[in-house]
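The chains referred to below are lettered A, B, ... by the order of the sequence lines, with proteins before strands, and numbering in each begins at 1. Predicted model only: the values in this text are computed from it and were never measured.
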Number of protein chains: 2
Amino acid sequence: MTSLAEENYLKAIYKIQEKHGDVVTTSALAETLAINAASVTDFIKKMAVKKLISYEKSKGVRLSEQGRQIALSIIRKHRLWEVWLVNNLGFKWDEVHEIAEQLEHVISDELIEQLDKHLGYPKTDPHGDLIPDAKGRFIKNTSKPLSECSKGEKVKFTGVAEHSNAFLQYLTKSNIKLGDELLVEGIEEFDKSFQVKINNKERKILSKEVVKNLLVIAL
Amino acid sequence: MTSLAEENYLKAIYKIQEKHGDVVTTSALAETLAINAASVTDFIKKMAVKKLISYEKSKGVRLSEQGRQIALSIIRKHRLWEVWLVNNLGFKWDEVHEIAEQLEHVISDELIEQLDKHLGYPKTDPHGDLIPDAKGRFIKNTSKPLSECSKGEKVKFTGVAEHSNAFLQYLTKSNIKLGDELLVEGIEEFDKSFQVKINNKERKILSKEVVKNLLVIAL
DNA sequence: AAACATAATTAGGTAAGCCTAATTATGTAT
DNA sequence: ATACATAATTAGGCTTACCTAATTATGTTT
Ligand SMILES: [Mn+2]
Ligand SMILES: [Mn+2]
Ligand SMILES: [Mn+2]
Ligand SMILES: [Mn+2]
């Protein structure tokens, strides 16, 4: 069995690995988990013994295949619960993460498969993140940050690269939603801000901090 | 905050108190929680300090008002989740308890109120148990065991007094469901078994062990 | 009242997960 | 090559929630 703490470590390692490449340092883990580095060192040594990760002293850790599968199953559960909370219980996309952090640890394969079915086998969660299948496989993802688009490009907003409530609430307030069509009308040389037309209607100026975190696919 | 262990102790104390009256003994608690009596003594002393229960050494414990409210909130969550699992996810009534044991500890008032609303404010769970409201109040319950009915009485099956999978599966196999109408056609003096007519159709002989655990209301 | 059985408590210990403070390793700047 | 800064580890401790074995309390027989 995998404990709550182990599940959280595995998920954190997976996410850091995804973002900053291969090897995950003790300090990076300590940072994301808000746990003292000394405690992390302790814990990862035990996880290495259980073959959930490989650990090279003073270098860092990486997930074993088994560890990766567990991490993906937690992420799958987290994202399915988020879909349920938004689609069925009426929560907003900035209200579901904390609850899903708890629900993701409920253990029952039957439950999660029934939930998946109940939701209609969604491919993405309320933030546009891909939901791995029961085997830990993702569908292909061709999205890129809006910041990498050029003038004249027309794209669809499909996800966020930043999940803070501040950012999610900014988007809600600005009336920008997943699925919206964005046309890059201009890019300001000076501050790298984007002028976009949303759904062929409103025009908006988006700062470089914003466009960096809007994930889009070409239309 | 209340820990997972505390929540489980409170729920167990509540249930024993409900069944066997006022004071709950260390051994009764140890039995239901499957925890060593010495550990229970230890733990209840700490709970008494936190005013979750009152504790008289070598006598036993009873819930404080605060403890009772927490116990009821856990029971409320447990039963609402069971309703959801059966009504929305397609589980059978003998498949939901273990999953609800986990879900009942998820912390979010918002979540449980939204769930309640989503389910249409159910008054009973899949086993006919009453669901307390957010303030810990129950609707009145006038049910009694079928064993206390007399010949000729016509009643409705509304709940079970025994929650084991064995019993639930026996009822399913016998095609006896919550809401069924039962007419007591005869009572066998020798073994206290009941002959009943179900929904004005099939006739069945039910042993005294069975009728004792079928809760019914007069029609 | 003494003996016995059973229930409850106390004493002492363990594992999981965390902490702080001290030490050591690693990489960069001088 | 040495010094310095930062990262990582080690050492020693703490709390929670459990355990076993030993002791004491309680209630029932004889
Ligand atoms: Mn989330
Ligand atoms: Mn998400
Ligand atoms: Mn149950
Ligand atoms: Mn139930």
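- Taking the charged nitrogens against the carboxylate oxygens, Lys208(A) and Asp191(A) have no contact shorter than 4.0 Å, which rules out a salt bridge.
- What separates CD of Glu56(B) from P of dT26(D) is a distance of 11 Å, to the nearest Å.
- dA11(D) atom P lies 11 Å from atom CG of Asp42(A), rounded to whole Å.
- For the pair Lys45(B) and dT10(C), the criterion of a side-chain N or O lying under 4.0 Å from OP1 or OP2 is met.
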Does the side chain to side chain donor-acceptor pair (under 3.5 Å) test come out yes or no for His118(A) and Gln114(A), once each step is laid out? CA-CA 6 Å; His118(A) 183 60; Gln114(A) 286 304 117; over 6 Å; no

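- Between the NZ atom of Lys46(A) and the P atom of dC18(C) there is a distance of 9 Å, rounded to whole Å.
- Between Ala38(A) and Ala5(A), it is Ala5(A) whose nearest contact on DNA chain C lies nearer the 5' terminus.
- Listed pair Thr41(A) / dA8(D) fails the phosphate criterion, with no side-chain N or O lying under 4.0 Å from OP1 or OP2.
- Residue Ser27(A) places at least one side-chain N or O under 4.0 Å from the OP1 or OP2 atom of dA8(D).
- Distances from the side chain of Thr26(B) to the nucleotides dC19(C), dT9(C), dG17(C) place dT9(C) closest.
- Between the CG atom of Asn36(B) and the C1' atom of dA8(C) there is a distance of 11 Å, given to the nearest Å.
- Under the 30°/60° scheme for interplanar angles, the aromatic rings of His163(A) and His127(A) are found to stand perpendicular.
- Candidate nucleotides dA17(D), dT9(C), dC18(C) were compared by shortest atom distance to the side chain of Tyr9(A), and dC18(C) ranks first.
- Using bins of under 30°, 30° to 60° and over 60° for the plane-to-plane angle, the ring pair Tyr170(A)/Phe167(A) lands in the parallel bin.
- Of all nucleotides listed (dC19(C), dA17(D), dG17(C)), dA17(D) comes nearest to the side chain of Phe43(B).
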Check against side chain to side chain donor-acceptor pair (under 3.5 Å), Ser164(A) and Glu162(A): CA-CA 6 Å; Ser164(A) 70; Glu162(A) 147 85 40; 2.6 Å; yes

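- For the pair Glu6(A) CD and dA16(C) C1', the computed distance is 10 Å after rounding to whole Å.
- Atom CG in Asn8(A) sits roughly 17 Å away from atom P in dA16(C) (whole-Å rounding).
- Note on Lys59(B): nothing from the nucleic acid sits closer than 4.0 angstrom, heavy atoms only.
- When rounded to the nearest whole Å, the span between CD1 of Ile44(B) and P of dA17(D) equals 14 Å.
- Distance, Met47(A) CE to dA16(C) P: 14 Å, rounded to whole Å.
- An OP1 or OP2 oxygen of dT24(D) is reached within less than 4.0 angstrom by no side-chain nitrogen or oxygen of Ser58(B).
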